[in-house]
Amino acid sequence: MENKIRYNNANKFFREKFGHKIIKVSLDGGFTCPNRDGKLSYSGCIFCSEKGSGDFAGDRALDLEKQFYQSKEKMNKKWKEGKYIAYFQAFTNTYAPLEYLQNLFEKAANLPYVVGIFIATRPDCITEEIASFLARLNEKIYVCIELGFQTSKNETIKLINRCYENIVFENCVKILNKYNLDIIVHTILGLPYETKEDMLNTVKYVSKFNISGIKLQLLHIIEGTPLHKLYIKKPFYVLTLEDYVDIVVSCIEILPPNIIIHRITGDGDKNTLIEPKWSLNKKVVLNSINKELIKRDTFQGKKFI
């Protein structure tokens with residue numbers, strides 16, 4: 001098993017589903033967030049960048065087609081052939097009137113070579129009406145909803161200013177399940193003052209629900225964020241590469257075998273990343289995780305109960 005992938009990764013899923021190399025193109029749909037515009041808060045989640053964690057998204061000053069073609073041109077330098085996922089990542093991408101969502105996502109569905117739409121949002125910004133529309137769109141093109149969850153620990157939820165309780169996530173999953181929409185849950189490993197046990201508890205918690213995928217994202221301290229200010233004022237422990245590898249592998253072991261792992265690290269902007277600097281060498285991070293999986297002779301679901 002040494003040379004085989006030991007976890008259910010996104011590349012394998014996309015190849016099997018679409019029969020092509022799949023390239024994600026990050027597009028900015030012009031959204032804001034209820035955690036920023038005053039509905040819930042003005043400061044946002046403490047880790048979120050000025051661009052709403054869409055630092056590699058297109059320029060929101062451009063229309064959708066121009067954003068897509070600009071990104072596609074850049075991607076073509078690395079990948080000459082493939083199909084595309086239109087990825088709406090920045091801010092909260094269902095936080096708008098239904099008519100706006102319909103126009104935006106239907107336009108994205110009609111972009112050339114686009115075979116799917118990924119929509120990152122908050123669980124408190126999904127309604128029956130929105131889910132019903134996305135289900136109809138899903139009949140024409142693959143639609144997947146990415147829910148920002150980050151942690152199940154109540155103390156950390158308050159600290160990071162997430163501004164919704166776990167029950168909101170649970171109710172959102174029920175709505176999306178009702179409409180047979182695939183769900184990816186975004187989690188963060190290394191949040192301030194969390195232990196390894198806390199992080200594993202988050203993975204165990206989300207694994208109880210009918211979700212199709214998960215993202216295991218390393219915490220990035222980004223310059224100018226409330227998290228950065230907290231780190232300066234009251235420094236907290238930042239995971240080392242060794243810590244992170246150990247935690248990720250332990251998460252992989254307890255995940256159900258059928259869940260697709262869409263991310264096991266993360267890309268940070270080298271110009272604004274404060275810590276951890278080691279994360280900028282993504283190849284080393286990925287190789288270290290794979291080596292640890294082999295060293296432990298382990299794989300996804302080995303310790304799933």
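These numbers were taken from a predicted model, which means no experiment stands behind them.
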Do Leu40 and Asp124 have side chains that approach each other closer than 4.5 Å (heavy atoms only, starting at C-beta)? yes

Just so I know, are the side chains of Tyr179 and Val143 near enough to count as touching, which here means a heavy-atom distance under 4.5 Å? no

What is the distance from atom CG of Asp267 to atom NE2 of His220, rounded to the nearest 0.5 Å? 7.5 Å

Taking atom CG of Leu239 and atom CG of Leu191, what is their separation to the nearest 0.5 Å? 9.5 Å

Within a radius of less than 6.0 Å around CD of Glu128, do more than 12 heavy atoms belonging to other residues, nucleotides or ligands occur? yes

Any donor and acceptor pair, going by atom type alone, linking the side chain of Arg162 with main-chain N or O of Thr151 inside 3.5 Å? yes

Report yes or no: does Ser207 contribute a side-chain atom to a donor-acceptor pair with the main-chain N or O of Leu255 at less than 3.5 Å? no

Contact summary for Ile46 and Thr225, nearest pair of heavy atoms: O-CB, 3.5 Å

Would you call the rings of Tyr244 and Trp278 parallel, tilted or perpendicular, taking 30° and 60° as the class edges? tilted

Taking all non-hydrogen atoms of both residues into account, name the closest pair between Leu227 and Pro192 and its distance. CD1-CG, 3.7 Å

Side-chain donor-acceptor contact under 3.5 Å, Asn161 with Ser41: yes

Does Arg6 form a side-chain contact (heavy atoms from CB on, under 4.5 Å) with Thr298? I'd like the steps, not just the answer. CA-CA 7 Å; Arg6 292 172 176 252; Thr298 194; 5.5 Å; no

Report whether Ile5 and Phe14 are members of the same hydrophobic cluster (ILVMFWY, side-chain heavy atoms less than 4.5 Å apart, transitive linking). no

Could you grab the distance from atom CG of Asn103 to atom CG of Leu64, nearest 0.5 Å is fine? 11.5 Å

Taking the side chain from Asn201 and the backbone from Glu197, do they hold a donor-acceptor pair closer than 3.5 Å? yes

Is the side chain of Asn166 donor-acceptor paired with the backbone N or O of Ser152 at a distance under 3.5 Å, no angle test? yes

Looking at Tyr87, does the NZ or CZ of Lys24 lie under 6.0 angstrom from its six-membered ring centre and within 45 degrees of the ring axis? yes

Are Tyr95 and Ile117 linked, directly or through other ILVMFWY residues, by side chains that come within less than 4.5 angstrom of each other? no

Between Val248 and the options Ile264, Leu218, Asp243, Leu293, the side chain to side chain contact (heavy atoms under 4.5 Å, CB included) test singles out Ile264

Between Ile188 and Thr202, does a side-chain contact (heavy atoms from CB on, under 4.5 Å) hold up when you go through it step by step? CA-CA 9 Å; Ile188 295 181; Thr202 291; over 6 Å; no

Looking only at heavy atoms, the pair that brings Ile145 and Thr121 closest together is CG2-CG2, 3.9 Å

Mind running salt bridge (charged side-chain N to carboxylate O under 4.0 Å, His left out) on Lys107 and Asp63 for me, showing each step along the way? CA-CA 11 Å; Lys107 186 179 289 185; Asp63 63 30; over 6 Å; no

About how many Å separate CD1 of Ile294 and CD1 of Ile289, when rounded to the nearest 0.5 Å? 12.5 Å

Within a 6.0 Å radius of atom CD1 on Ile232, are there more than 12 heavy atoms belonging to other residues, nucleotides or ligands? yes

For the residue pair Ile211 and Val206, what are the closest heavy atoms and their distance? CD1-O, 3.7 Å

Do the non-hydrogen side-chain atoms of Leu241 and Val285 ever get within less than 4.5 Å of each other? yes

Any chance NZ of Lys12 has more than 12 other-residue heavy atoms, nucleotides or ligands included, within less than 6.0 Å? no

Hey, is NZ on Lys291 packed in by over 12 heavy atoms from elsewhere, all under 6.0 Å? no

Test item: Gln300 side-chain N/O and Pro256 main-chain N/O as donor-acceptor pair under 3.5 Å: yes

For residues Ile274 and Tyr193: do they belong to one hydrophobic cluster (side chain heavy atoms under 4.5 Å, members Ile, Leu, Val, Met, Phe, Trp, Tyr)? yes

Report whether Phe304 and Leu200 are members of the same hydrophobic cluster (ILVMFWY, side-chain heavy atoms less than 4.5 Å apart, transitive linking). no

After noting the C-alpha distance and the side-chain angles of Asp37 and Lys39, does the key distance pass the salt bridge (charged side-chain N to carboxylate O under 4.0 Å, His left out) rule? CA-CA 6 Å; Asp37 69 1; Lys39 183 177 180 180; over 6 Å; no

Let me know which of Phe68, Phe105, Phe118, Phe31 forms a ring pair (Phe, Tyr, Trp, His ring centres under 6.0 Å) with Phe88. Phe105

Surrounding NZ of Lys303 (heavy atoms of other residues, nucleotides or ligands, distance under 6.0 Å), is the total greater than 12? no

Is atom CD of Glu170 surrounded by more than 12 heavy atoms (other residues, nucleotides or ligands) closer than 6.0 Å? yes

Which of parallel (below 30°), tilted (30 to 60°) and perpendicular (above 60°) describes Phe149 and Tyr164? tilted

List the steps, then state whether salt bridge (charged side-chain N to carboxylate O under 4.0 Å, His left out) holds for Arg296 with Glu292. CA-CA 6 Å; Arg296 292 194 200 178; Glu292 184 66 15; 3.0 Å; yes

Does atom OH (Tyr69) have a neighbourhood of more than 12 heavy atoms from anything else shown, all under 6.0 Å? no

Per side-chain hydrogen bond (donor to acceptor under 3.5 Å, both in side chains), His186 is matched among Gln150, Lys215, His262 by Gln150

Quick check on the hydrophobic clustering: are Tyr113 and Ile85 connected, directly or via other members, by side-chain heavy-atom contacts under 4.5 Å? no

Pairwise side-chain contact, Glu65 with Leu111, heavy-atom cut-off 4.5 Å (strictly under): yes

Can you check whether Leu62's main-chain N or O pairs, donor with acceptor, with Gln67's side chain at less than 3.5 Å? yes

Taking all non-hydrogen atoms of both residues into account, name the closest pair between Ile126 and Leu176 and its distance. CG2-CD2, 3.9 Å

For the residue pair Ser26 and Ser71, what are the closest heavy atoms and their distance? O-OG, 4.1 Å

